[in-house]
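One structure is given here, and the rest of the page talks about it.
Chain identifiers are assigned alphabetically (A, B, ...) following the order of the sequence lines, protein sequences preceding nucleic acid strands; residue numbering begins at 1 within each chain.
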Number of protein chains: 2
Amino acid sequence: MIQSRTTLSEMSKALNLSISTVSKSLSGSSEISIKTKQRVRDFAKMCNYVPNNFAASFRKGYTNTIGLIIPNILNPFYAKVLLGIENYLDNSGYKLITSISNESIDKEAKVMTKMAGGYVDGLIVCVTQETELTNTYSHINGLIDQGTPVVLFDRICEKINCDKVIINDYKAAFNTTKHIITHKKCKNIVMASLIDKMQHGKLRAEGFKNAIEAHQSNVIGKVLVANTVDELKHKLNETLQKDPTIDAIFGVNEQAVLQAISCTDQLKSNDHSKQITIAGFCNQYQANNNPSLIIVDQNAEEIGTQAAKLMLQRIKNVENSEYCTKTVSVNLN
Amino acid sequence: MIQSRTTLSEMSKALNLSISTVSKSLSGSSEISIKTKQRVRDFAKMCNYVPNNFAASFRKGYTNTIGLIIPNILNPFYAKVLLGIENYLDNSGYKLITSISNESIDKEAKVMTKMAGGYVDGLIVCVTQETELTNTYSHINGLIDQGTPVVLFDRICEKINCDKVIINDYKAAFNTTKHIITHKKCKNIVMASLIDKMQHGKLRAEGFKNAIEAHQSNVIGKVLVANTVDELKHKLNETLQKDPTIDAIFGVNEQAVLQAISCTDQLKSNDHSKQITIAGFCNQYQANNNPSLIIVDQNAEEIGTQAAKLMLQRIKNVENSEYCTKTVSVNLN
DNA sequence: CTGAAAGCGCTAACAT
DNA sequence: ATGTTAGCGCTTTCAG
């Protein structure tokens, strides 16, 4: 915070006006004569007056600031959601402050509490894996009970009662798999997942399996799950080696898609005729650049936009309306 | 901000104590008897008291919060710097709030002013291209004059007098080029740049040229600059086509490296014997995954750490010391 | 050991 | 059209 800046009080003394006249002049109140307003403004400019928004927020009881908490900033999905949120808020005169929980539930709890401690009017959050997997929601429900508006996105916790933004994971996975089968004519598809314990991971896996079953007669589907990137890489390589008839990989999360690309790249450099279709949930720039890839575009920015919109609606109507869950549709690119 | 939470005043009434006794109890003051402290704490817990940090910060005159402004969150370099900063601050009991200027100088000015308006104790910023190119620094210098500590990183503005963190762009480019020549035995190297008007772009180009000149006898160097990704792609393709003896591309920024990869990938799929060495400044995950790539690792996290460190030093000593510029060394991977 | 009181900078209801 | 005043929730002297 600033060492010593010009304050209303200082200016009021210098101008021989009351603090409130100065305040009203600066905020353009119609109560004040044009002449005075001009005089005050000129003087304020002269002494580089910068209003202390912090004090104003404190007085008014709200900050026009929303807090965002995401688990991982290196995943472009979250970066894009951030852009969507910032954009919407910016247009509505709100500011955004962001913190990274780094997939640590402790950090998540800490930063949420801090932010809710007066710094923000509401919180948009994507919980950590741990939060979802262990159903540890007290830090979030506590804030909601206190009256802090919360919007959840991406990873959804059913035990938390608040506004939410999700994509239709099941449908997205189903349609993508179907697309691989019908348009790409693939017959032996491997699904790769690093998120099979997560709610959305399960839904995506289900979509995959059901799409396979719908074509049961002539398509094989295999599911590969792993807990670490290295484990997945290993399993993928092994599987591809053992079964050379595999003609497609469906990655249900960012890292899985990237591993699929890297594993098949290696294969390709050995056997140039090898052609394996890769599809999946991915936002990585470079992956987007790869024309042969089928990308499930989660519309990250739109998710952000919707989350921000829900948040501002909630703030404005407070307890007016029921909590709602917004489903953003995905595109296949 | 929260609707209505328990306050010190409410608790003091309920406990028949003064506000200050309650306040001191909660902050563990030694002035208060153990018994009273315990009583207050128990009661506070019972009514879910959450201190209003906002009010406390207002009163104390500082927020223990640092603001970060970066131009682009989709570039992993900045994302990594963010992680470095957050990590350091977290360990020092500081919070970080982040905003994305999205390469818009207006947004940059707006958000810096807002943040400095009492929300943060200092600002760490990487200016937009426009800010650097047009030498438009008044919004930054104004804040510095007011007493807001500012630390600049990556893109450096010589006309701004403050603490800075940079890498040795010249040396990094020189060494990388040298490495390509001596270790990779390349003889016809193209440098690709999308930042040739930026200060660090110029330095990197100079490093490249001087390294080429040092081997003038048997190495050719060509410089390709462009303003847009598409333009660069076009130029790269053209150049590679015209001159099949090109055996290396040196990308001096993220996007240039990615384009180099994508262009040569295409070549490779036509002519499998083709082998072009690619080197450059890049943080993209997938690029890191490509073992044949020579990455100039800018030590983004270390840059963040150093920036945060400088900031806290400045805050603690205020006007004590001279401004300094810290140079973070790079690694060749 | 506990309490009273001032005040951070600003806003807004209420005078004048 | 301008001024007075109370107070947001907390910390922090200073008194008792």
Side-chain angles (χ1 to χ4, degrees), chain A residues 1-41 43-44 47-64 114 116-119 121 146-147, chain B residues 1-41 43-44 47-65 114 116-121 146-147:
Chain A
M1 186 174 286
I2 266 57
Q3 322 297 336
S4 78
R5 284 186 316 198
T6 314
T7 65
L8 289 187
S9 148
E10 282 164 25
M11 295 200 292
S12 74
K13 273 169 204 148
L15 290 166
N16 253 317
L17 289 167
S18 75
I19 295 185
S20 72
T21 302
V22 176
S23 169
K24 285 173 187 165
S25 298
L26 257 19
S27 59
S29 163
S30 58
E31 287 177 16
I32 308 293
S33 75
I34 311 224
K35 222 168 114 187
T36 307
K37 275 195 273 201
Q38 203 48 57
R39 195 160 76 95
V40 171
R41 282 178 174 162
F43 187 72
C47 43
N48 280 314
Y49 171 73
V50 181
N52 187 332
N53 297 313
F54 198 78
S57 286
F58 177 50
R59 170 62 234 250
K60 289 191 288 193
Y62 55 85
T63 61
N64 275 326
K114 279 259 164 128
Y119 292 104
D121 300 340
Q146 264 177 56
Chain B
M1 187 173 285
I2 266 59
Q3 323 296 335
S4 78
R5 285 186 315 198
T6 314
T7 66
L8 290 186
S9 147
E10 282 163 26
M11 294 198 293
S12 74
K13 274 168 203 149
L15 290 165
N16 253 317
L17 289 167
S18 75
I19 295 185
S20 67
T21 303
V22 176
S23 170
K24 286 171 187 168
S25 298
L26 257 18
S27 59
S29 163
S30 57
E31 289 177 17
I32 309 293
S33 73
I34 310 226
K35 223 169 117 185
T36 305
K37 277 196 271 201
Q38 202 48 57
R39 196 161 74 97
V40 171
R41 283 178 172 161
F43 187 72
C47 43
N48 281 315
Y49 171 74
V50 182
N52 186 333
N53 297 314
F54 198 78
S57 286
F58 177 49
R59 170 63 235 253
K60 288 191 287 193
Y62 56 84
T63 60
N64 276 325
T65 302
K114 279 260 164 132
Y119 292 105
V120 299
D121 300 339
Q146 265 178 56

Could you tell me the separation between the [atom1] atom of [X] and the [atom2] atom of [Y], rounded to the nearest 0.5 Å?
X	Y	atom1	atom2	answer
Thr6(A)	Asn48(A)	OG1	CG	7.0 Å
Ser25(B)	Lys35(B)	OG	NZ	13.5 Å
Ser20(B)	Ile32(B)	OG	CD1	7.0 Å

Show which side-chain atoms of residues 7-17 of chain B pair as donor or acceptor with protein atoms under 3.5 Å away, not counting sequence neighbours.
residue, atom, partner, partner atom, Å
Thr7(B), OG1, Ser9(B), N, 3.4
Thr7(B), OG1, Glu10(B), N, 3.2
Ser12(B), OG, Ser9(B), O, 2.7

Just the rounded figure in Å: distance from [atom2] of [N] to [atom1] of [X].
X	N	atom1	atom2	answer
Phe54(A)	dC10(D)	CZ	P	13 Å
Asn53(A)	dC8(C)	CG	P	18 Å
Arg59(A)	dC10(C)	CZ	C1'	8 Å

Worksheet entry | Heavy-atom donor-acceptor pair, Ser23(B) side chain to Ile19(B) backbone, under 3.5 Å |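 Looks like no, no N/O pair under 3.5 Å.
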Worksheet item: Of the nucleotides dG9(D), dA13(C), dT2(C), which has the atom closest to the Lys24(B) side chain?
Response: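 Among dG9(D), dA13(C), dT2(C), the one nearest the side chain of Lys24(B) is dT2(C).
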Worksheet entry | Candidates Val120(B), Asn53(B), Asp121(B) - the one meeting side-chain contact (heavy atoms from CB on, under 4.5 Å) with Thr65(B) |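 Between Thr65(B) and the candidates, side-chain contact (heavy atoms from CB on, under 4.5 Å) is satisfied uniquely by Val120(B).
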Worksheet item: OP1 or OP2 of dC10(C) sitting under 4.0 Å from any side-chain N/O of Tyr62(A)?
Response: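 No, Tyr62(A) has no side-chain N/O under 4.0 Å of OP1/OP2 on dC10(C).
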Worksheet item: Tell me, which of residues 7-23 of chain A have any heavy atom that sits under 4.0 Å from an atom in DNA chain C?
Response: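 Residues of residues 7-23 of chain A that come under 4.0 Å of DNA chain C are, in numerical order, Thr7(A), Leu8(A), Ile19(A), Ser20(A), Ser23(A).
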Discussion item. Tell me the closest heavy-atom pair linking Gly118(B) and Asn52(A), and the distance in Å.
Written reply: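 Heavy atoms of Gly118(B) and Asn52(A) come nearest at CA-OD1, 4.2 Å.
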Discussion item. Please enumerate all residues that pass salt bridge (charged side-chain N to carboxylate O under 4.0 Å, His left out) together with Lys24(B), with sequence neighbours excluded.
Written reply: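 Only Glu31(B) meet the salt bridge (charged side-chain N to carboxylate O under 4.0 Å, His left out) criterion with Lys24(B).
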Worksheet entry | Axis bend over the full length of the helix from dC1(C)-dG16(D) to dT16(C)-dA1(D), computed from five pairs that close each end, to 10 degrees |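 Inter-axis angle at the termini of the helix from dC1(C)-dG16(D) to dT16(C)-dA1(D): 50°.
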Worksheet entry | Results of side-chain contact (heavy atoms from CB on, under 4.5 Å) for Ala56(A) - residues two or more places apart only |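 With sequence neighbours excluded, Ala56(A) shows a side-chain contact (heavy atoms from CB on, under 4.5 Å) to Lys60(A), given in chain and number order.
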Item to complete: Under 4.0 Å from any atom of DNA chain D, heavy atoms only: list the residues of residues 29-41 of chain B that qualify, in numerical order.
Response: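 Nothing qualifies; none.
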Worksheet entry | Distance-only side-chain donor-acceptor flag, Tyr119(A) / Ser57(B), under 3.5 Å |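 Indeed, the side chains of Tyr119(A) and Ser57(B) share at least one donor-acceptor pair under 3.5 Å.
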Fill in: dC10(C) pyrimidine/purine six-ring stacking with Phe58(A), under 5.5 Å and 30°
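Base of dC10(C): not stacked against Phe58(A).
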Discussion item. Tell me if the aromatic rings of Phe54(A) and Phe54(B) count as close, with their centers under 6.0 Å from one another.
Written reply: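 Centroid separation for Phe54(A) and Phe54(B): below 6.0 Å.
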